[in-house]
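Okay, so here's the structure we're looking at.
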Amino acid sequence: MRTFDQVYVTATGACLPGTPVDNEAIDRFIAPLDRTSASMKRRILADNGIRTRHYAIDEEGRTLMSAAAMAAAAARDCLGSARAGAAPDFDGVSLLCTASSGGDLVLPGLANMVQGELGAPPLTTASFHGVCAASMTALHHAALAVEHGEHAHALVIAAELPSRLFKRSRFAPVGYRTDFDAHFLRWMLSDGAGALRLSDRPDNVIGGGQSGVPALRLHWVHQRSFSGDYPVCMQLGTHADPSQGWLDYPSFSDADAAGALLLRQNIRLLPQLFDLAIHEYVRLVEQQWVHSDQVDHFLCHYSSQRFAPVVADCLDRARLTIPAERWYSNLAWRGNTGCASILIMLHDFLRERSVQPGDKVLLFVPESGRFTVAFALLEVVDPQPVDSRRASTDDAHPVGRVASQAELTRPAPDAEVDARADADALPPPPHDAAAIADPVLAQLLRDLAAVWHDYRSQFWRTPLVRRIVERRFVQDDYLRWMACWIPQVREGSLWMREAVANLSPRFATIATTIERHAGEEQFDFRILFDDYRLAGGRVDDIDRLRRNAGGEALNAYLHARAARTDALGLLGSIYVIEGTGNRIVPALLPLIRAQLALPAGALRFLHYHGENDVRHLQRWLDAVAATIAIDAVYTHDIVHTARETAQLYLMQMTAIE
């Protein structure tokens with residue numbers, strides 16, 4: 001990643017079609033499907049915190065404003081022409097980059113359609129297709145072009161029109177009760193477009209020539225996709241058989257009837273996105289690209305208000321807290337407009353918040369399509385302090401008013417309790433915020449987070465896990481995995497007790513903690529063996545099971561370390577092993593269940609491992625904190641041992657045949 005020296009945001013614009021639609025009026029546009037729709041709607045709206053949104057369709061489902069038309073309107077707002085249909089001033093703008101999860105046509109690209117809608121002069125165009133982070137990719141492309149002198153000014157526009165997918169007539173032909181994953185997004189997404197102009201100098205002010213709103217210097221854009229790690233989380237174009245896309249059906253009507261053209265969100269997988277996103281942020285902090293204490297304004301695009309405290313808590317746990325008063329979100333009154341959200345948010349922010357020269361603005365966009373995260377850092381460069389707050393002209397559309405963090409995250413009075421436990425819980429990081437008062441411990445946790453981030457990514461790309469993700473996982477795969485894993489789990493309490501026996505008296509308290517942990521886990525292998533046998537495992541004597549080469553290497557390493565005096569570096573091994581059960585296994589479990597017709601109870605260990613390792617990891621943190629309090633020299637050994645254990649664990653997974 002590199003910094004930009006001469007790239008500035010010098011204008012922004014937005015288009016929110018129609019009048020704001022509140023939660024009572026939403027049914028007139030996105031009609032309920034059946035008797036369960038009302039309860040789903042209440043639950044989803046209570047979680048997402050959206051009070052108003054905009055639709056580019058009317059109550060009959062007719063499109064009133066195309067995605068290209070919204071993008072053109074945002075461009076006019078950005079470049080200074082408020083009159084609908086008028087060509088904006090393209091003086092100097094020679095590059096047009098657009099982003100969307102779906103324009104009006106399959107082809108040509110949205111950028112070309114927007115150029116035509118605007119009647120713009122000849123331009124260089126680029127259309128970016130994706131989900132929420134597509135606008136950040138478009139921003140990055142345009143910034144590189146400006147920085148390298150290819151263009152003096154560039155226009156970046158994102159437009160989304162998902163309401164066309166959600167109207168009742170779209171669901172009627174399906175002919176079956178719509179599943180929750182397809183129902184979920186109907187109450188989440190809405191329409192809109194955002195735009196910004198990039199320039200190689202900060203001569204012009206933001207907002208199409210409106211004075212008093214500062215320009216921003218763009219320091220850097222960071223986008224990273226983890227699509228090679230996780231399965232698809234949000235998609236449109238397939239359904240029961242992921243290998244069959246909508247174009248593979250005999251006809252478009254067949255694809256529609258099968259539900260392949262419904263937009264779906266795998267909400268059970270969604271919490272994993274925030275886990276990896278925060279670890280990616282920790283990586284940026286560790287590499288000195290950003291410092292939380294220097295972030296003056298944090299614009300975070302989360303799809304639901306329920307994720308705001310999740311993000312905040314994850315930052316707190318890594319001692320990277322960004323105070324709540326520095327957060328800004330317009331989700332409550334603009335709705336979730338996909339990849340347009342971050343551009344509309346920046347546009348609103350610059351008109352509602354008071355900023356000072358030198359203020360740093362951090363943009364954060366997590367994308368759930370197949371897991372991508374994007375960040376951008378900007379700095380206010382206007383020479384004069386600015387306060388350009390505008391009074392709201394509509395109480396239901398509170399432009400000029402930023403809801404407090406407590407207000408945004410407070411459940412609605414009629415909120416229902418979501419009983420879908422596997423859909424709610426973010427895999428807890430292997431540490432607790434309340435325990436991180438010591439800066440040495442906090443740094444250790446950040447170092448371990450970097451180890452975990454790399455390990456997690458590689459684990460999801462091991463051959464066995466790829467078969468699970470790609471739905472090629474069969475019963476023999478499960479049995480081979482268990483046959484290698486059982487003897488490894490059997491050794492867990494043995495090497496821990498060996499390490500305890502070699503601890504000096506000054507570590508007696510830690511010895512007691514580890515001994516308790518070993519005692520709880522000493523019979524885990526029996527549960528795993530019972531699962532193996534119930535699933536059809538043919539070996540009836542547990543002593544006949546053998547570790548694979550990777551498992552042998554891991555076992556030898558752990559016992560060799562445990563034989564040393566005061567081998568407290570093994571706390572790093574526990575971090576990796578327990579973290580795997582707590583943070584990866586719960587995401588794999590639903591995928592395994594969906595593919596294998598196993599008897600009831602054949603997955604007890606995987607279920608138990610995910611639930612109980614939360615408590616185990618808290619105990620781990622207590623032991624680590626106590627170790628550092630006695631002698632901080634062990635921090636390096638803990639990180640080093642965690643890294644080596646991670647590599648050996650990956651070897652064990654890769655060697656499963």
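Keep in mind that the numbers below use all heavy atoms, side chains included, and drop hydrogens, waters and symmetry copies.
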Within the structure provided, determine whether [X] and [Y] are in side-chain contact (heavy-atom separation under 4.5 Å).
{"X": "Q595", "Y": "V474", "value": "no"}
{"X": "Y575", "Y": "W452", "value": "yes"}
{"X": "V373", "Y": "Y281", "value": "no"}
{"X": "Q272", "Y": "F371", "value": "yes"}
{"X": "M188", "Y": "F166", "value": "no"}
{"X": "M234", "Y": "R264", "value": "no"}
{"X": "Y455", "Y": "Y649", "value": "yes"}
{"X": "H222", "Y": "H140", "value": "no"}

Find the distance between [atom1] ([X]) and [atom2] ([Y]) and round it off to the nearest 0.5 Å.
{"X": "H640", "Y": "D447", "atom1": "NE2", "atom2": "CG", "value": "14.0 Å"}
{"X": "N548", "Y": "C484", "atom1": "CG", "atom2": "SG", "value": "4.0 Å"}
{"X": "L299", "Y": "L363", "atom1": "CG", "atom2": "CG", "value": "5.5 Å"}
{"X": "S101", "Y": "L263", "atom1": "OG", "atom2": "CG", "value": "7.5 Å"}
{"X": "C233", "Y": "E367", "atom1": "SG", "atom2": "CD", "value": "10.5 Å"}
{"X": "S225", "Y": "R370", "atom1": "OG", "atom2": "CZ", "value": "9.0 Å"}

Any side-chain donor-acceptor pair under 3.5 Å between [X] and [Y]?
{"X": "E491", "Y": "H559", "answer": "yes"}
{"X": "T641", "Y": "R561", "answer": "yes"}
{"X": "S457", "Y": "R461", "answer": "yes"}
{"X": "T337", "Y": "E160", "answer": "no"}

### Task
For H301 and M345, run side-chain contact (heavy atoms from CB on, under 4.5 Å): C-alpha distance rounded to whole Å, both residues' side-chain angles, the deciding distance at 0.1 Å, then the answer.
CA-CA 8 Å; H301 167 60; M345 193 183 305; 4.3 Å; yes
Minimal non-hydrogen separation, [X] against [Y], with atom names:
{"X": "L165", "Y": "L261", "result": "CD2-O, 4.4 Å"}
{"X": "R466", "Y": "D229", "result": "NH1-O, 4.0 Å"}
{"X": "G335", "Y": "S341", "result": "O-OG, 4.4 Å"}
{"X": "P231", "Y": "L591", "result": "CG-CD1, 4.0 Å"}
{"X": "L448", "Y": "V639", "result": "CD2-CA, 4.0 Å"}
{"X": "N336", "Y": "L331", "result": "N-CD1, 3.6 Å"}

Between [X] and [Y] (side chain of the first, backbone of the second, donor and acceptor by atom type, cut-off under 3.5 Å), is there such a pair?
{"X": "S135", "Y": "C339", "answer": "yes"}
{"X": "E578", "Y": "G581", "answer": "no"}
{"X": "T238", "Y": "A260", "answer": "no"}
{"X": "T462", "Y": "Q458", "answer": "no"}
{"X": "R490", "Y": "F525", "answer": "no"}
{"X": "S127", "Y": "L110", "answer": "yes"}
{"X": "D191", "Y": "S163", "answer": "yes"}
{"X": "R467", "Y": "F473", "answer": "no"}

### Query
Charged N to carboxylate O under 4.0 angstrom, E286 versus R283?
no
### Task
Before accepting this row, confirm whether a basic side-chain N of the pair D530/R533 lies closer than 4.0 Å to the acidic partner's carboxylate O.
no
Determine all donor-acceptor pairs shorter than 3.5 Å in which one atom belongs to a side chain in residues 534-541; sequence neighbours excluded.
unit_1, atom_1, unit_2, atom_2, d
D540, OD1, R544, NH1, 3.4
D541, OD1, D543, N, 3.1

### Task
Verify side-chain contact (heavy atoms from CB on, under 4.5 Å) between Q488 and L558, making sure each step is shown before the conclusion.
CA-CA 11 Å; Q488 182 61 54; L558 294 172; 4.2 Å; yes
### Query
Under 6.0 Å between ring centres, would you say that holds for W289 and F375?
no
### Task
Measure centre to centre between the rings of F226 and H279, then say whether the value is under 6.0 Å.
no
### Task
Look at the rings of W481 and Y478 and say which category their plane angle falls in: under 30° parallel, 30 to 60° tilted, over 60° perpendicular.
perpendicular
### Message
Parallel, tilted or perpendicular: which one describes the rings of F364 and F298, with boundaries at 30° and 60°?
### Response
parallel
### Task
Go through the steps to decide whether F459 and L650 satisfy the test side-chain contact (heavy atoms from CB on, under 4.5 Å), and finish with yes or no.
CA-CA 6 Å; F459 189 98; L650 290 169; 3.9 Å; yes
### Message
Does F252 form a ring-ring contact (aromatic ring centres under 6.0 Å, His included) with W246? I'd like the steps, not just the answer.
### Response
CA-CA 7 Å; F252 297 149; W246 65 283; 5.7 Å; yes
### Task
Check the pair W495, L570 against side-chain contact (heavy atoms from CB on, under 4.5 Å), reporting the backbone distance first and the verdict last.
CA-CA 10 Å; W495 61 259; L570 284 172; 4.1 Å; yes
